[in-house]
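One-based numbering, in listed order, for ligands and for the atoms of each. Below, all heavy atoms of this structure are taken into account, side chains as well, without hydrogens, waters or symmetry copies. Just so you know, residue 1 is the first one in the sequence shown, and it goes up from there.
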Amino acid sequence: MKKNVIVSGMRPTGKMHLGHMHGALLNWKKLQEKYNCFYFIADWHALTSEYAHPDIIRKSAYDIIIDWISVGLDPEVSTFFIQSEIKEHAELYLIFSMITPLPWLERNPTYKEQLNELSQKNVYTYGFLGYPVLQAADILMYKANGVPVGEDQAPHVELTREIARRFNHLYEEVFPVPKVLLTPTSKLLGIDRRKMSKSYGNAIFLTDTDEKIDAKVAQMITDPQRARKTDPGDPTICNVFSFHEIYSDNETTETIRSECPSARIGCVDCKRKMASALKIGLEPIRAKRRELESDTDGVKEIVAEGNKKSRIIARETMEEVREAVKI
Ligand code: TRP
Ligand code: SF4
C-alpha cells in the first residue's frame with residue numbers, strides 16, 4: 001500500500017535550538033517511520049519578513065538542513081528540498097491566488113497577530129497577506145495527507161484545506177484535503193522561563209559549545225519561589241527539572257524529585273548535574289554536525305537529490321492542475 005504523505009517546512013531565519021528539536025524535529029523524526037515525508041526549507045516564505053536583509057536566508061538554509069540530519073532526520077528515508085528550487089510552487093501559488101477570496105486571508109488570526117508583532121519590519125505587503133496561499137501550494141503540490149505544525153500554524157493549514165476544497169469543487173478532484181497534525185509543544189522553556197525563541201535571546205542552540213551551555217544553564221531561572229538554598233523547591237514547575245527529565249538518567253531525576261522539595265539539594269548543584277547530562281546528550285548531535293560540516297559537498301548532494309525528487313512530483317501535479325484549470 002502507498003504510504004500517506006506528510007509535508008512540512010521551516011523558514012530559514014536562524015539556527016535551530018532545543019525548542020525546535022524537542023518540538024518539531026523529533027516529531028518529524030518519528031513521522032518518517034510511517035509516512036512518506038517531505039521536509040523543506042521555506043526560503044520564499046522567509047523573504048516575506050526578511051526581504052530587506054535576505055543574507056540570513058541562504059546562510060541558514062544549509063545550517064538548518066545540517067541540524068535536521070544531525071538530530072536524526074534521514075535523507076535516505078525522507079525527502080529534503082529547498083522551496084525556491086522548485087519553481088512549480090510559484091505557479092501553483094499564482095493559480096491558488098486567483099481562487100482565494102481576500103476575506104479568508106484578512107481574517108487569518110496569525111496574519112493579524114504578526115502584523116502587530118512585526119510592525120517594525122513593515123510586513124504590510126501583498127506577499128505577506130498571501131503567505132498562507134504559498135503555504136497551500138507547498139502542501140498540496142505533494143498531495144499531502146498530513147501537515148505537522150505548531151499551533152500558530154494551524155490556521156494556515158485550515159486555509160490550505162479550504163483552498164483544496166475550493167479547487168476540487170471549481171475544477172476537478174485533484175487534491176486530498178490534508179489534516180493538521182498538531183506538534184506536541186516542547187516542555188523545555190528558555191533560560192528566562194519564557195517560550196524558547198531566538199528573538200527572546202533565551203535559547204540553547206544545538207551548536208552551542210560546552211562553555212556556552214554551562215554559562216546558559218548557570219543563568220537559568222529555577223523555581224521562582226525558591227530564593228534561598230534553604231527554601232523548599234518545586235521541581236514540577238522548574239524548567240531545570242524539565243531538562244533533567246529529558247537528559248538525565250532516572251536515578252538522578254528521582255533523587256532531585258525527592259530532595260528538591262525538602263531543600264536537600266541546591267539549585268547550583270542541580271544545574272551543574274543538568275548541564276553535564278545535557279552536554280553528554282547533545283554530543284552525538286554535535287559530532288554528527290562536525291562530520292557534515294567537513295563534507296559540505298555531501299550535504300549539497302543530499303539537497304540536490306531531494307530537489308530532483310520533489311521536482312518530478314511537482315511537475316506531475318502541475319500537469320494535472322493545468323489540465324483541470326484548462327490552461
Ligand atoms: N509557515 C511555516 C512556519 O513559519 C513554514 C511553512 C511554509 C510550512 N510552508 C509550509 C509549514 C508548509 C508546513 C507546511 O513555520
Ligand atoms: Fe529546580 Fe533543581 Fe533548584 Fe529544584 S533544585 S528548584 S529542580 S534547579
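Residues H45 and F128 place their aromatic rings such that the two centres sit no closer than 6.0 Å. No close placement of the Y142 and F175 rings is indicated, their centers lying 6.0 Å or farther apart.
For a heavy-atom separation below 4.0 Å, the residues in contact with ligand 1 are S8, G9, R11, F40, A42, H45, Y131, Q135, D138, I139, V147, V149, Q153.
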Original post:
Could you walk me through whether T79 and K309 pass the side chain to side chain donor-acceptor pair (under 3.5 Å) check?
Top reply: CA-CA 8 Å; T79 306; K309 258 175 76 182; 3.1 Å; yes
Subject >> side chain to side chain donor-acceptor pair (under 3.5 Å) evaluation trace for H156 with Q153 >> reply: CA-CA 5 Å; H156 291 168; Q153 292 294 314; 3.0 Å; yes
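Listed by chain and residue number, the protein N/O/S atoms under 2.8 Å of atom 2 (Fe) of ligand 2 are C270 SG, with waters left out.
Residues R228 and D231 are paired through a salt bridge, judged by an N-O separation under 4.0 Å between the basic side chain and the carboxylate. Under 4.0 Å is where a charged nitrogen must lie from a carboxylate oxygen, and between K15 and D67 no such pair does. A salt bridge does not link K308 to E301: none of the charged side-chain nitrogens sits closer than 4.0 Å to a carboxylate oxygen. E91 and K87 are not joined by a salt bridge, as no carboxylate oxygen comes within less than 4.0 angstrom of a charged side-chain nitrogen. Salt bridge present: E291 and K288 bring a charged side-chain N and a carboxylate O closer than 4.0 Å.
For atom 5 (S) of ligand 2, the closest non-hydrogen atom of the protein is R226 NH1, 3.1 Å.
Annotation: K279, atom NZ; neighbour count of heavy atoms from other residues, nucleotides and ligands within 6.0 Å is above 12.
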